[in-house]
Protein chains: 2
Amino acid sequence: MERDAPVRPVQQHRHNLALVARLAARLGPVSRARLAHESGLTKSTVTQLTGELLDGGLLREIGTGRSGGPGRPANQLVLNSLGPAGIGLQIEADHVAGCLLDLTGRVRDRALRKADDLTGDPQRAVKAAEPVLRRLLNTANSTDNVVVGVAVGLPARVRDATVVHADGLGWADTNFPWLLGDRLSALGAGGIPVTVANSHQLAARAEHWFGGDEAEVLVHVGGEDGLGAGIVIAGEVHAGARGAAGELGHVRIPGADDPCTCGQRGCLDTVAGRRALLRAAGLDEVVRSRLTGGDGELPALVGSGEAVAVAAVRRAATALGTVLGGLVPALDPDVLVLGGHLPALGSDFLDAVDLSLRQRCPGAAVRVRASRLPADVVARAAATTVTSALIEAPADWLAE
Amino acid sequence: MERDAPVRPVQQHRHNLALVARLAARLGPVSRARLAHESGLTKSTVTQLTGELLDGGLLREIGTGRSGGPGRPANQLVLNSLGPAGIGLQIEADHVAGCLLDLTGRVRDRALRKADDLTGDPQRAVKAAEPVLRRLLNTANSTDNVVVGVAVGLPARVRDATVVHADGLGWADTNFPWLLGDRLSALGAGGIPVTVANSHQLAARAEHWFGGDEAEVLVHVGGEDGLGAGIVIAGEVHAGARGAAGELGHVRIPGADDPCTCGQRGCLDTVAGRRALLRAAGLDEVVRSRLTGGDGELPALVGSGEAVAVAAVRRAATALGTVLGGLVPALDPDVLVLGGHLPALGSDFLDAVDLSLRQRCPGAAVRVRASRLPADVVARAAATTVTSALIEAPADWLAE
DNA sequence: TTCAATAGTCCAGTAGACGAACTAATTGCC
DNA sequence: GGCAATTAGTTCGTCTACTGGACTATTGAA
């Protein structure tokens, strides 16, 4: 409910619609009676509201389910897996991943497009996204899903739906939603709203939604090339005053002096970034070949005790732990999740980060753990922003 | 509006009441017509709502004011400076400060009680607060103000209205509101609700409210003895998962090794804390005499180029800047305010902190400035939490 | 078969915002 | 002075959407 807007009966209705939709999403198959009980609304109102949600295709009635005692059995309601759905894209310098998500949160389809180099002209990314979108739109068509939104996760600073600055992609002030919307029209899917979001922030959202921590404050650190953090506070991403919150990659590390893409020297990215780390461990050719699978070689080297690799990883862990150790006392998070390319570095790396972090701030009560989510979390989280927006504001959808 | 609660006409009314009260507070003397325009409510509704606020003593009608053109002149409404008011206390190891604030935000009275040592038994603080409270209650009585709440700012971690841990005071798991409420009853002011809050967080609130920055994200760093930060995001304090957000005093500084009260060595407090700094500058006797005014001697020494003092202050600035430089890229604040004893260290100190911060994170767009607020901001901010709670939820007050 | 229990619908009642019509008070023009 | 224009504020009937109790529906158990 907007704080500075008047509340009329309509807003009241909107709020209660959202409340019921949210509860239906949370409780899975659920009866109107239970919804009434959990929401605090009366049965009559819930009948009315669920009726609207059913008509709008957000809910579906599955026959009377259990019969665990006397009394009329309930007509169970669930989110409609056939109705509205969302597409999420993840764009990185070397690939575009995408997925189609229905309202229940199930991934209906995935798609991946590898590419040589998507940096420079944003149209390259649009072009690489096209086959991914085409496939997902086709799938949606065949599964009776209606795509109501496309959300894109990018390693970029985003402000007012515009990419203000993307280090790793070389973009600046790009209205990417507009570019992609154009391509969507060409695919016969014009008018679908496109949103963009920072991929670190989406990854943090993903950990909050799917990580199972029930955290009040969660910090996710990771990234494909550049390192970055996403901060979730009370279920909301903290984007910062300019959308730049979590940009840790260019914090200077004492003792480091390698040149960074940003023009400075000794940035965290030059010590703990994926490419920098592979290079420092003597895996230059892996970097050049751009093989994501090559990440596996580094933990293998470390496991076999290869001195250069061990030193590089230890150095990265110490630097990262120190930076995070400055963050933790400021934010007091429940959980600090290491994601992106970091979990692949092995549990020794995780332990070393933890150690270094606690050396910086001894009393910290934070739990540090590796992410357990798959590589395409960002695409999934992006798609989830579409579906959860529907559930959080069903009235907007019903109005159409 | 509670997210998980149903909205009925009553909640609708509560919301709109708060909306009108907030606007009246923001716009100063304001007509019903303007309130209707600004709020988006109709004139009829505003008449109804302001009527309730007038009856409840939250608003007051001052005669028809301006007559800048044709048309019936407006009956101006203002917050009632005579009705409900709040008391704010600030408790530190060596003093208790307090103030009485009316709804308009005007300080009706102040009181200060110096004390030798309030650490150890919380009852000492209660005892020192008694004369302060007595005076402020008397003042309220004579100015026709009704004290509706007492809010206390403490250098302590607070959780569920309980002091979980107070480093500088030596308290743990203390239900301070209960203790102080007891004393209030003895003063004939029983039943007044008492709340507690962390003083760093209150200081940040104060900068956000009174600092004039219009910041979306604001960080305040300061403290009397221990250093700490308060973070305000979108008008709300970020307290962290355990209420420990902003506890920067015990971040370890590379190269520092002095023992800290926390049992560790090399904490930020041992480098940039007030006492540590005075000691390092050779002003031991000032520390022992507990003279707050003694702070003036340090900038004087620095100004005169006294080598030890200059070195101590520079070291403190570097350490603090480095710690803050780790924070800024994570949070992306608009403004970083240095408060507490820090502004007294002079503008060279401020510049040195700024320099060190930007050395750590070169691209930061944050504005760094010294606090311009007086020493008793925390008491004022505490009192403001009482009065602003009234304005944010007038229905609760009107119900009584 | 009947009763208890639970699910769900129906409908009159009600709180509270809206809007049009009204009254009120002032300026400015004749 | 009188009257139109203009803005402030109130009154009252209307409308929306939630409530609560009466009602129907469907099951298990006695």
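If you're wondering where the values come from, they're calculated on a predicted model, not measured in any experiment. Just so we're on the same page: letters track the sequence lines, and every chain starts at 1.
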Nearest-nucleotide check on DNA chain D, Lys43(A) vs Arg34(B); residue mapping nearer the 5' end is Arg34(B)
Is there a side chain to side chain donor-acceptor pair (under 3.5 Å) between Thr45(B) and Thr42(B) once you walk through the steps?
-> CA-CA 5 Å; Thr45(B) 307; Thr42(B) 59; 2.9 Å; yes
| So, is Arg32(B) close to the dT10(D) phosphate, meaning a side-chain N or O under 4.0 Å from OP1 or OP2? | yes
Heavy-atom nearest nucleotide on DNA chain C taken for Pro9(A) and for Thr50(A); more 5' hit belongs to Thr50(A)
Regarding Glu392(B) and Arg14(B), does a basic nitrogen lie under 4.0 Å from an acidic carboxylate oxygen? no
Checking dT7(D), dA25(D), dC18(C) against the side chain of Arg72(A) (C-beta onward), the nearest is dA25(D)
| message | I want to check one thing: is the phosphate of dA17(C), taken as OP1 and OP2, less than 4.0 Å away from some side-chain N or O of Thr45(B)? | response | no
### Query
If only side-chain N and O atoms of Arg8(B) are considered, is one of them under 4.0 Å from the OP1 or OP2 phosphate oxygen of dA17(D)?
no
Side-chain contact check for Gln12(B): nearest option of dG16(C), dG8(C), dT11(D) is dG16(C)
Whole-Å distance, Gln48(B) CD to dA17(C) P, equals 7 Å
Do the side chains of Leu101(B) and Arg108(B) get nearer than 4.5 Å, heavy atoms only?
no
Atom CD of Gln11(B) and atom C1' of dA17(D) are separated, to the nearest Å, by 13 Å
Note to self: Side-chain N or O of Thr47(B) versus OP1/OP2 of dT10(D): is the shortest distance under 4.0 Å?
What the structure shows: yes
*Any side-chain N or O of His13(B) less than 4.0 Å from the OP1 or OP2 oxygen of dA17(C)?*
yes
Note: for Glu61(A) and Val10(B) on DNA chain C, the residue whose nearest nucleotide lies more 5' is Glu61(A)
Per atom distances to the Leu41(A) side chain, the nearest of dC18(D), dA8(D), dG8(C) is dC18(D)
_Are the side chains of Thr385(A) and Arg205(A) in contact, using a 4.5 Å heavy-atom criterion?_
yes
Q. Taking only N and O in the side chain of Asn16(B), is any of them less than 4.0 Å away from OP1 or OP2 of dG16(C)?
A. no
